[in-house]
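Quick note on labels: first sequence line is chain A, next is B, and so on, each numbered from 1. All values derive from a computational prediction rather than experimental measurement. Only this structure's heavy atoms are used, side chains among them; waters, hydrogens and symmetry mates stay out.
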Protein chains: 2
Amino acid sequence: MLYYNIIYRFPFPGFTPMQQAAQTMTFMGSGHDHSHCLNEALDRAAALCTKRGVRLTTLRRRVLELVWGGHRPLGAYDILDTLKAERRGAAPPTVYRALDFLLAHGLVHRIESQNPFVGCPDPDKPHGGQFLICRTCGMAAELNDSGVDQAIRKSAKKAGFSVGRPIIEIQGLCPHCQDNVEGEGE
Amino acid sequence: MLYYNIIYRFPFPGFTPMQQAAQTMTFMGSGHDHSHCLNEALDRAAALCTKRGVRLTTLRRRVLELVWGGHRPLGAYDILDTLKAERRGAAPPTVYRALDFLLAHGLVHRIESQNPFVGCPDPDKPHGGQFLICRTCGMAAELNDSGVDQAIRKSAKKAGFSVGRPIIEIQGLCPHCQDNVEGEGE
DNA sequence: GGTTATAATGTTATATTATAACATTATCTA
DNA sequence: TAGATAATGTTATAATATAACATTATAACC
Ligand SMILES: [Zn+2]
Ligand SMILES: [Zn+2]
Ligand SMILES: [Zn+2]
Ligand SMILES: [Zn+2]
C-alpha cells in the first residue's frame, strides 16, 4: 500500500544497508521502476533549463542524478564522496555550487531541519517544500497540500506579511513505524 | 502599530548596530518594556521547571536570559562568546547542553532554516515553532495559528502520518520591508 | 575563425555549527 | 556521610558551508 507519491529515506544509524533497502522497498512499493522515474526527472530538468535559458551542465546534471538516485535525502558530503571518485579536484564548492543552482531552479529541496537534499518531483512551479519526516525510520515524503498552503497564506495575511517561501517540515511517525511502535514487538 | 506578539530580529549584515536597534524599536514598539517581558519569561521558566521537577540551573537560566534578551535569534556561538567572558572554561558543549535542555522543555526554539535560537513565549504547551521570517530585515515573529496547525493535521491524517512536531518557517517580507520595497526610495 | 566577455569550475583555505568522549564537580537520596 | 545521579568542565574532532582567487569552458560578437 502506497501512502505517498514520492518517498525518500534518510540513512538511519541503527539499520544495516540491507534493512535500509528493505524498508525503502516497503515504502516505494516493490514494483517501483526507479530508473524510469529518475530518467523522467532528468528529462524534466533538462527541458526546464532550456526553457529558462540556463545551463544544466554535466556537473549539475550529475549532482541532480545523485540526489534523485538515492531514494533518500543525501548530504552534500555524501554527494562529494561520489564525485571525488569521478572527477579530479572535486571539493565542497563543487557540490555546493551545483546544489545552489538546483535549489535556485526548484529542482531540489533542502530539508532544513536535517541538512540533506532531495529532488523535487514538481520543479515547474516554485514552492517551499512540504515534508513529512518520520522520526523513527527517517523516511521523508514531499506533500503539496493546498489546504496547508492556504492556511499559511491566510495567517500571514492577517499579520500583513507577504509570503515568499513557506517551509513545512512535519516530524512524526510514518504509518509503518506507528504499527511497529504500537505492536511493540517484532 | 504592532503587527506581532513577539518580535525577534536576525543580525542583518548591511545594517549598523544603530540601524538594527532602530528597526528593532520599530517592530517592538517604542513603549516596549523589554526587561519586564524578559523577567516574566524567566519566572515562567522557573515555575515550569519546578512543576516538572527539573533544574533550571544558573547556566541554563543564563543561556535562556541571553536568548530572550537579545530581541533577536541568537547563534550558539554568540551565546558562547558572552559566556566565555563570564565563566572560565565555557566551550561549545556548555552552550549546546544548555540549549538542548531548553529545547527539550520548549523554552526556546531553533530556527531550523537559519540555525539560531529564540525564546518561546508560551512554553507550557509544547509545540513546533511557527515563524514569519523577513528575508530583507531578518525579523522573525512567532505565530501560533490554529488554522495552520489544523490544516497540517488534516493533511497528515490523509497520509496516515502521525504528527509530532510541525516546523513552520515562512520566509517572505514583513510589512515594513514591503513598504520600503514598493516605495523603492528612502 | 578569432576576440572578448561571461559563466562555470578548480583550488586552497577557512568559517560556522555541532558532537564525542572522558574527567570533574555539584546535587540529591538514603 | 556515602553512594548514586545529574550537571558541567575539558579536549578534541566531526559535519556543514563559504570566501577568495585562479583557471577553464562557453557564449556572443565581429
Ligand atoms: Zn518540491
Ligand atoms: Zn517510519
Ligand atoms: Zn513557541
Ligand atoms: Zn523586514
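With sequence neighbours excluded, no residue forms a side-chain contact (heavy atoms from CB on, under 4.5 Å) with Ala47(A). In terms of the salt bridge (charged side-chain N to carboxylate O under 4.0 Å, His left out) criterion, Arg97(B) has no residue partners (sequence neighbours excluded). Qualifying ring-ring contact (aromatic ring centres under 6.0 Å, His included) partners for Phe101(A), counting only residues two or more places apart in sequence or in other chains: His105(A). In this view, Asp122(B) and Lys125(B) satisfy the salt bridge (charged side-chain N to carboxylate O under 4.0 Å, His left out) rule, not counting sequence neighbours. A search for salt bridge (charged side-chain N to carboxylate O under 4.0 Å, His left out) contacts involving Arg165(A) returns Glu112(A), not counting sequence neighbours. Listed by chain and number, the residues in a side-chain contact (heavy atoms from CB on, under 4.5 Å) with Arg62(A) are Glu65(A), Leu66(A), Thr82(A), Leu83(A), Glu86(A) (sequence neighbours excluded). Lys84(B) meets the side-chain contact (heavy atoms from CB on, under 4.5 Å) test with Leu80(B), Ala90(B); sequence neighbours excluded.
Ranked by how close their nearest DNA chain D nucleotide is to the 5' end, Val54(B) and Ala90(B) are led by Val54(B). Taking the nucleotide of DNA chain D with the nearest heavy atom to each of Ala91(B) and Leu59(B), the more 5' of the two is matched to Leu59(B).
Under the 4.0 Å criterion applied to side-chain N and carboxylate O atoms, Lys154(B) and Asp145(A) are not assigned as salt-bridge partners.
The distance from atom CZ of Arg61(A) to atom C1' of dA8(C) is 18 Å, rounded to the nearest whole Å. Protein atom CG of Asp78(A) is 11 Å distant from nucleotide atom P of dA17(D), rounded to whole Å. For the pair Leu102(A) CG and dT9(C) P, the interatomic distance rounds to 10 Å; values are reported in whole Å.
Annotation: salt bridge (charged side-chain N to carboxylate O under 4.0 Å, His left out) contacts involving residues 43-56 of chain A, sequence neighbours excluded, comprise Glu40(A)-Arg44(A), Lys51(A)-Asp124(A).
Across the helix from dG1(C)-dC30(D) to dA30(C)-dT1(D), the helix axis at one end is tilted relative to the axis at the other end by 40° (nearest 10 degrees, each axis from five pairs).
Hydrophobic clustering keeps Phe117(B) apart from Ile167(B) (ILVMFWY residues linked when any side-chain heavy atoms are closer than 4.5 Å, directly or through intermediates).
Across residues 79-87 of chain A, not one residue has a non-hydrogen atom less than 4.0 Å from an atom of DNA chain D.
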Do any N or O atoms of the protein come closer than 3.5 Å to N or O atoms of nucleotides 3-6 of chain D, and which pairs are they?
none

Nucleotide N/O of nucleotides 15-25 of chain C paired with protein N/O under 3.5 Å:
{"from": "dA18(C)", "atom 1": "OP1", "to": "Arg110(B)", "atom 2": "NE", "distance (Å)": "3.0"}
{"from": "dA18(C)", "atom 1": "OP1", "to": "Arg110(B)", "atom 2": "NH2", "distance (Å)": "2.2"}
{"from": "dA18(C)", "atom 1": "OP2", "to": "Tyr96(B)", "atom 2": "OH", "distance (Å)": "2.8"}
{"from": "dA18(C)", "atom 1": "O5'", "to": "Tyr96(B)", "atom 2": "OH", "distance (Å)": "3.4"}
{"from": "dA18(C)", "atom 1": "N7", "to": "Tyr77(B)", "atom 2": "OH", "distance (Å)": "2.5"}
{"from": "dA18(C)", "atom 1": "N6", "to": "Tyr77(B)", "atom 2": "OH", "distance (Å)": "3.2"}

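Taking each heavy atom of Leu102(A) and Arg60(A) in turn, the nearest pair found is CD1-O, 3.9 Å. Between Cys37(B) and Trp68(B), the shortest heavy-atom distance links the atoms SG-CZ3, 4.5 Å. The heavy-atom pair separating Glu142(B) from Phe131(B) by the smallest distance is CB-CE2, 3.6 Å.
Note on Thr57(B): every side-chain N or O is 4.0 Å or more away from OP1 and OP2 of dA26(C).
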